[in-house]
Amino acid sequence: MDQLLGLLKVRVVRGINLAVRDIRSSDPYCVLRMGNKLKLKTGVIKHNVNPEWNEELTFSVAEPIMPIKIQVYDKDTFTQDDSMGDTELDIQPFIEAVKLNLERAQDGTVLNKIQPSRQNCLSEESRIVLLDGKVTQYACLRLRNVECGEVELQLQWFHLPGKRHVK
């Protein structure tokens with residue numbers, strides 16, 4: 001049986017230079033999945049290839065730790081929504097930072113830096129930092145299976161009441 005570790009708040013900040021799927025623009029929204037259990041969606045931003053969602057979605061994280069998979073779609077009224085690409089973020093480095101003993105760490109401490117590579121979808125360095133006492137990661141992810149586009153995320157970890165920390 002899966003063991004619940006904590007809550008992961010994912011802020012879908014914005015899309016950058018997303019693909020045009022309508023005549024001159026798109027009506028994008030994101031679908032986030034972690035494993036096969038939970039699917040969360042942002043709202044639709046009309047007529048915009050650089051949408052500012054700034055929406056917070058929360059996942060319950062359990063063992064085994066699964067990556068966050070993001071699909072971007074163009075909302076259509078009379079036909080099936082068009083794909084605008086997909087991406088994923090391996091949260092294992094983030095969970096490793098959550099496991100650190102941070103009682104004496106100062107706010108703003110950089111806990112880890114992940115470089116873009118062929119093995120991940122990062123478009124720039126991703127930093128995991130201690131912010132307001134919470135482990136926080138900033139990530140800008142390249143979309144795959146599409147001609148252009150990126151999605152910017154911010155992750156924050158929340159411990160469950162009664163649990164000291166992730167081991």
Side-chain angles (χ1 to χ4, degrees), residues 1-18 28-43 45 48 50-72 84-144 148-167:
M1 184 167 164
D2 291 343
Q3 168 132 9
L4 197 56
L5 302 175
L7 300 177
L8 178 64
K9 184 180 0 173
V10 180
R11 177 183 292 275
V12 182
V13 178
R14 65 188 179 132
I16 303 164
N17 193 30
L18 300 179
Y29 68 94
C30 296
V31 175
L32 284 72
R33 287 185 174 85
M34 184 179 291
N36 294 326
K37 298 178 199 166
L38 191 55
K39 175 173 99 170
L40 303 171
K41 290 172 30 171
T42 66
I45 305 290
N48 200 327
N50 293 293
E52 299 269 342
W53 286 288
N54 269 319
E55 286 190 41
E56 290 180 357
L57 307 171
T58 303
F59 287 101
S60 298
V61 179
E63 293 281 2
I65 310 249
M66 306 297 286
I68 298 172
K69 296 185 180 200
I70 301 134
Q71 294 175 292
V72 182
M84 296 176 69
D86 64 271
T87 190
E88 71 178 35
L89 179 62
D90 177 10
I91 64 165
Q92 195 63 47
F94 180 81
I95 297 298
E96 292 303 318
V98 168
K99 293 178 181 179
L100 297 172
N101 181 359
L102 301 172
E103 291 175 11
R104 294 187 179 155
Q106 293 183 350
D107 220 38
T109 300
V110 176
L111 306 172
N112 196 353
K113 296 177 187 176
I114 302 121
Q115 299 299 322
S117 71
R118 290 185 180 193
Q119 286 73 42
N120 63 41
C121 294
L122 294 171
S123 61
E124 58 190 45
E125 179 183 84
S126 178
R127 290 181 175 225
I128 302 172
V129 300
L130 190 62
L131 182 65
D132 296 328
K134 294 180 179 62
V135 176
T136 305
Q137 181 174 1
Y138 300 94
C140 193
L141 303 165
R142 286 183 321 272
L143 293 173
R144 306 175 291 202
C148 60
E150 297 176 352
V151 174
E152 189 176 306
L153 304 177
Q154 177 190 11
L155 310 181
Q156 271 195 329
W157 183 259
F158 290 86
H159 293 284
L160 293 173
K163 293 210 176 213
R164 300 271 309 163
H165 54 80
V166 178
K167 295 185 183 210

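When every heavy atom of L102 is checked against every heavy atom of A97, the shortest pair comes out as CD1-O, 3.9 Å. Minimum interatomic distance between M34 and I68 (heavy atoms only, all atoms of both residues): CE-CG1, 3.6 Å. Taking every heavy atom of both residues into account, K41 and L57 meet most closely at O-CD2, 3.8 Å. Taking all atoms of both residues into account, the shortest heavy-atom contact from V61 to L4 is O-CD1, 3.4 Å. Taking each heavy atom of I91 and M66 in turn, the nearest pair found is CG1-O, 3.5 Å. For the pair L143 and V72, the tightest heavy-atom approach, listed with the atom from each and the gap, is CD2-CG2, 3.8 Å.
In this structure, the separation between CD on E125 and CZ on R127 is 4.5 Å, given to the nearest 0.5 Å. The CD atom of E56 lies 13.5 Å from the OG1 atom of T42; values are rounded to the nearest 0.5 Å.
Side-chain atoms of S126 come within 3.5 Å of backbone N or O of Y138 as a donor-acceptor pair. A donor-acceptor contact shorter than 3.5 Å links the side chain of W53 to the backbone of G43. Side chain of S123 to main chain of C140: a donor-acceptor pair is present (N/O by atom type, distance under 3.5 Å, no hydrogens or angles). In terms of modelled atom types and a separation under 3.5 Å, the side chain of N120 and the main chain of Q115 share a donor-acceptor contact.
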Given side chain to side chain contact (heavy atoms under 4.5 Å, CB included), test D90 with I114 step by step and report yes or no. CA-CA 11 Å; D90 177 10; I114 302 121; over 6 Å; no
Give the intermediate values and the outcome of side chain to side chain contact (heavy atoms under 4.5 Å, CB included) for residues R11 and N54. CA-CA 6 Å; R11 177 183 292 275; N54 269 319; 3.7 Å; yes
Trace of the side chain to side chain contact (heavy atoms under 4.5 Å, CB included) decision for L155 with L89: CA-CA 11 Å; L155 310 181; L89 179 62; 3.6 Å; yes
Test side chain to side chain contact (heavy atoms under 4.5 Å, CB included) on L8 and F94; report intermediate values, then the result. CA-CA 10 Å; L8 178 64; F94 180 81; 3.4 Å; yes
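A side-chain N or O of R33 and one of Q71 form a donor-acceptor pair less than 3.5 Å apart.
Contact annotation: the side chain of E88 approaches that of R144 to within less than 4.5 Å [non-hydrogen atoms, C-beta and beyond]. For the pair E63/L5, a side-chain contact is recorded, criterion being any heavy-atom separation below 4.5 Å from C-beta on. Inter-residue side-chain proximity for F59 and L32 is flagged as met; some heavy-atom pair is nearer than 4.5 Å. Between S60 and L7 there is a side-chain heavy-atom pair separated by less than 4.5 Å.
More than 12 heavy-atom neighbours from other residues, nucleotides or ligands sit within 6.0 angstrom of NZ on K9.
Tested against I70, the residues D86, L153, V31 include a single side-chain contact (heavy atoms from CB on, under 4.5 Å) partner, L153.
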